[in-house]
Amino acid sequence: MIKPHLILATIFVNVGCCAFISQRSAVGLEPATTGPQEIVRIEVVPLTLPALVGTVSNPLLKMNIDTRGTLNPLSLTELRGSLSGTLNRSQLVSISVAYGDSFLNAKPIAKVDVRTLESDAFTIALPVSEGELSEGNNTLWMACQLMADANIDKQIGVTCTQVSFSNGRIEQLSAAPTNQRLGVALRRGGDDEVHTYRIPGLATTNQGTLIGVYDVRRRSGKDLPGDIDVGMSRSTDGGHTWEPMRIIMNMGDDPQWKYDGVGDPAVLVDQQTGTIWVAATWSHGNRSWVGSGPGLSPTETGQLLLVRSDDDGLKWSQPINITSQIKHPEWCFLLQGPGKGITLHDGTIVFAAQYQDTPEKQRLPRSTIIYSTDHGKTWKIGTGAADDTTEAQVVEVEPGVLMLNCRYNRAPARVVMTTRDMGQTWTPHATSERALIEPGACMASLIDVDREVGKDFGKWLLFSNPDSGQGRKRLSIKASPDRGLTWPSENHLLLDEEESAGYSCMTMIDEHTIGILYEGSQADLTFQRIPVADVTDNLKREESLPRDRAPQ
């Protein structure tokens, strides 16, 4: 299956910022008539999608144009509009118009180079033969191409102020602008000749460096087993720019052993020593979720590996196999989070984990934790937190009390468990299966703001996942002001409304800024910087701020 963003890259090559018309069924309109075509309705539809440095086209505006009649079809002949948001226009490349039967196969037909504009206003003329409307509902999109150095702390949008048609009709529009947050397309399918990038982990080191880890799925988008390595991206400026990808785990490429794939990484920074740990699962042959079985050896069961860096992510160790330390031999499979781990107040380092029980118990999965009290020299494991839970994330809600937020296979809701004895016993949290929805089952991220920034910030927890009970869409951040007891609706922030693979991982870049790496609709791995106040404060967002006119 071709990925949507790969199709976009093919369609919009060298076009820049685009708008297009696509036909949809005429919901709520009268049946087709043979009378002259006329415009019935023009409506701007709210849109929330990231605008990414590193992609050719970033949708900014969506508009429905409804028509009735089939005789003398009308054409859209001109669009007038204005840039909005806080990004300086010098950091944009172009605006163009395209149309087609969907967003994925739109045909570009006109463009304007933003760098030639003398103001934020623009006019785009369309060839009459290319802008013809169909009877029913036509959808218009506007999108943009960003300069490679665009400031991702800004927002960009457009306002469409006037549309003109081939019959001379001119419509003035007054809809509010739809401003989009900027970000970085950190990894896209096809980069470095890799088919797919998945499974993000993200952490901030003691030196303030961002470490992103992920699956490098070389031949297909499928899970293990397969030709998969663990990749790492590093940023020393808070995510504005990133060093080239490095491979930090590669267990071989022999097709006899299904390429010895290693993946599903989780990253952890030991806040006392500064050591960065990355955990991943190695499938020697078919030794992953389906093919792994009882035992401890690589030919019997999946292996839990660690690599470490003691110099802020510049150099990495060879893999360290801790399977025999923590896996019960009768279990079928054991692996980490994925996502990220934490350092407790007493210096213990903890990864969320998951295991499959024995064949006699139908390989029932359960979330748990693995931890080290000696900074990674030795490791221990907890018991299963709840039946049919898998990918989880952990925080310390008070000294010695851990909260485990788990993917759940039985309902579209997160299971939340707590432990006071390092996972030997577990108690359901008051919000378990109630407060946080998920689309059937999906990985999510959970972080403690106080612990990450190293100061009292006010008991805020942050949670990210697809905010949907059906389908991995509406990737959002939610904030809890009371250590996860409530998740007020005013503290929800939508980042990407379209469908994607849906995994995410957050970190606090500094006390003012959230970093999030997620599987988005516009790129395999999207990185964004989000002001923490945009989630914790019920304030108007950045679109209300004055435009930045100064060069950046």
Side-chain angles (χ1 to χ4, degrees), residues 194-199 201 213-231 247-267 277-308 316-339 341 351-370 379-382 384 388-392 407 409 441 443 501 503:
V194 170
H195 185 280
T196 300
Y197 296 89
R198 281 212 62 199
I199 322 298
V213 296
Y214 41 82
D215 276 10
V216 179
R217 301 188 174 188
R218 298 190 179 278
R219 297 169 183 266
S220 76
K222 295 181 179 179
D223 296 339
L224 290 169
D227 190 1
I228 301 175
D229 301 326
V230 174
I247 300 299
I248 61 172
M249 292 178 122
N250 180 350
M251 299 304 293
D253 57 5
D254 189 341
Q256 177 183 349
W257 297 106
K258 297 187 181 295
Y259 304 99
D260 274 304
V262 57
D264 281 15
V267 60
W277 294 92
V278 175
T281 183
W282 170 34
S283 175
H284 182 56
N286 185 18
R287 295 293 177 263
S288 189
W289 193 258
V290 174
S292 191
L296 296 174
S297 74
T299 57
E300 295 174 306
T301 194
Q303 304 292 293
L304 203 159
L305 306 182
L306 301 174
V307 292
R308 62 182 288 168
W316 294 83
S317 72
Q318 292 298 309
I320 304 162
N321 194 329
I322 63 170
T323 308
S324 61
Q325 292 186 47
I326 54 176
K327 183 179 184 291
H328 293 200
E330 66 272 19
W331 289 350
C332 289
F333 192 34
L334 171 66
L335 71 160
Q336 63 296 323
F351 280 110
Q354 53 186 306
Y355 69 88
Q356 290 180 351
D357 212 327
T358 65
E360 293 75 20
K361 295 183 179 179
Q362 289 74 51
R363 305 171 67 99
L364 185 68
R366 298 182 180 91
S367 304
T368 188
I369 56 171
I370 60 174
W379 293 82
K380 300 176 183 178
I381 192 167
D388 249 345
T389 54
T390 55
E391 296 165 330
R407 171 175 173 164
N409 292 336
M443 180 265 192
Y503 283 31

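Please read these numbers as outputs of a predicted model, since none were measured by experiment.
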Are the side chains of [X] and [Y] in touch, meaning some heavy atoms are under 4.5 Å apart?
{"X": "Gln354", "Y": "Glu391", "value": "yes"}
{"X": "Trp331", "Y": "Asp357", "value": "yes"}
{"X": "Trp277", "Y": "Val267", "value": "no"}
{"X": "Ile381", "Y": "Leu334", "value": "yes"}
{"X": "Leu304", "Y": "Phe351", "value": "no"}
{"X": "Arg219", "Y": "Ile228", "value": "no"}
{"X": "Thr281", "Y": "Trp289", "value": "no"}

Non-neighbouring partners of [X] that pass side-chain hydrogen bond (donor to acceptor under 3.5 Å, both in side chains), sequence neighbours left out:
{"X": "Thr323", "value": "Gln303, Asn321"}
{"X": "Ser367", "value": "Thr389"}
{"X": "Arg287", "value": "none"}

Side-chain donor-acceptor pairs under 3.5 Å in residues 253-266, sequence neighbours left out?
from   : atom 1 : to     : atom 2 : distance (Å)
Asp254 : OD1    : Gln256 : N      : 2.9
Asp260 : OD1    : Trp282 : NE1    : 2.9
Asp260 : OD1    : His284 : ND1    : 2.6

Report, one line per pair, each donor and acceptor closer than 3.5 Å where one atom sits in a side chain of residues 291-301; sequence neighbours left out.
from   : atom 1 : to     : atom 2 : distance (Å)
Ser292 : OG     : Thr301 : OG1    : 2.8
Ser292 : OG     : Gly302 : N      : 2.8
Ser292 : OG     : Cys332 : O      : 2.7
Ser297 : OG     : Thr299 : OG1    : 3.2
Ser297 : OG     : Glu300 : OE1    : 3.0
Glu300 : OE1    : Leu296 : N      : 3.2
Glu300 : OE1    : Ser297 : N      : 3.1
Thr301 : OG1    : Gly293 : O      : 2.9
Thr301 : OG1    : Cys332 : O      : 3.0

Contacts of type salt bridge (Lys or Arg N to Asp or Glu O under 4.0 Å), residue Arg363, not counting sequence neighbours = none
Would you say Ser288's side chain and Pro225's backbone share a donor-acceptor pair under 3.5 angstrom?
-> no
Working to the nearest 0.5 Å, report the span between [atom1] of [X] and [atom2] of [Y].
{"X": "Met249", "Y": "Leu306", "atom1": "CE", "atom2": "CG", "answer": "6.5 Å"}
{"X": "Trp379", "Y": "Ile370", "atom1": "CH2", "atom2": "CD1", "answer": "5.5 Å"}
{"X": "Asp227", "Y": "His195", "atom1": "CG", "atom2": "NE2", "answer": "12.0 Å"}
{"X": "Arg198", "Y": "Tyr214", "atom1": "CZ", "atom2": "OH", "answer": "15.0 Å"}
{"X": "Ile326", "Y": "Ile369", "atom1": "CD1", "atom2": "CD1", "answer": "11.5 Å"}

By ring pair (Phe, Tyr, Trp, His ring centres under 6.0 Å) - contacts of Tyr503 (at least two apart) = none
With sequence neighbours left out, what residues match Thr358 under side-chain contact (heavy atoms from CB on, under 4.5 Å)?
->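 Glu330, Glu360, Lys361.
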Residue list, side-chain contact (heavy atoms from CB on, under 4.5 Å) with Asp388, at least two apart or on another chain =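 Residues passing side-chain contact (heavy atoms from CB on, under 4.5 Å) with Asp388: Leu364, Pro365, Tyr408, Asn409, Arg410.
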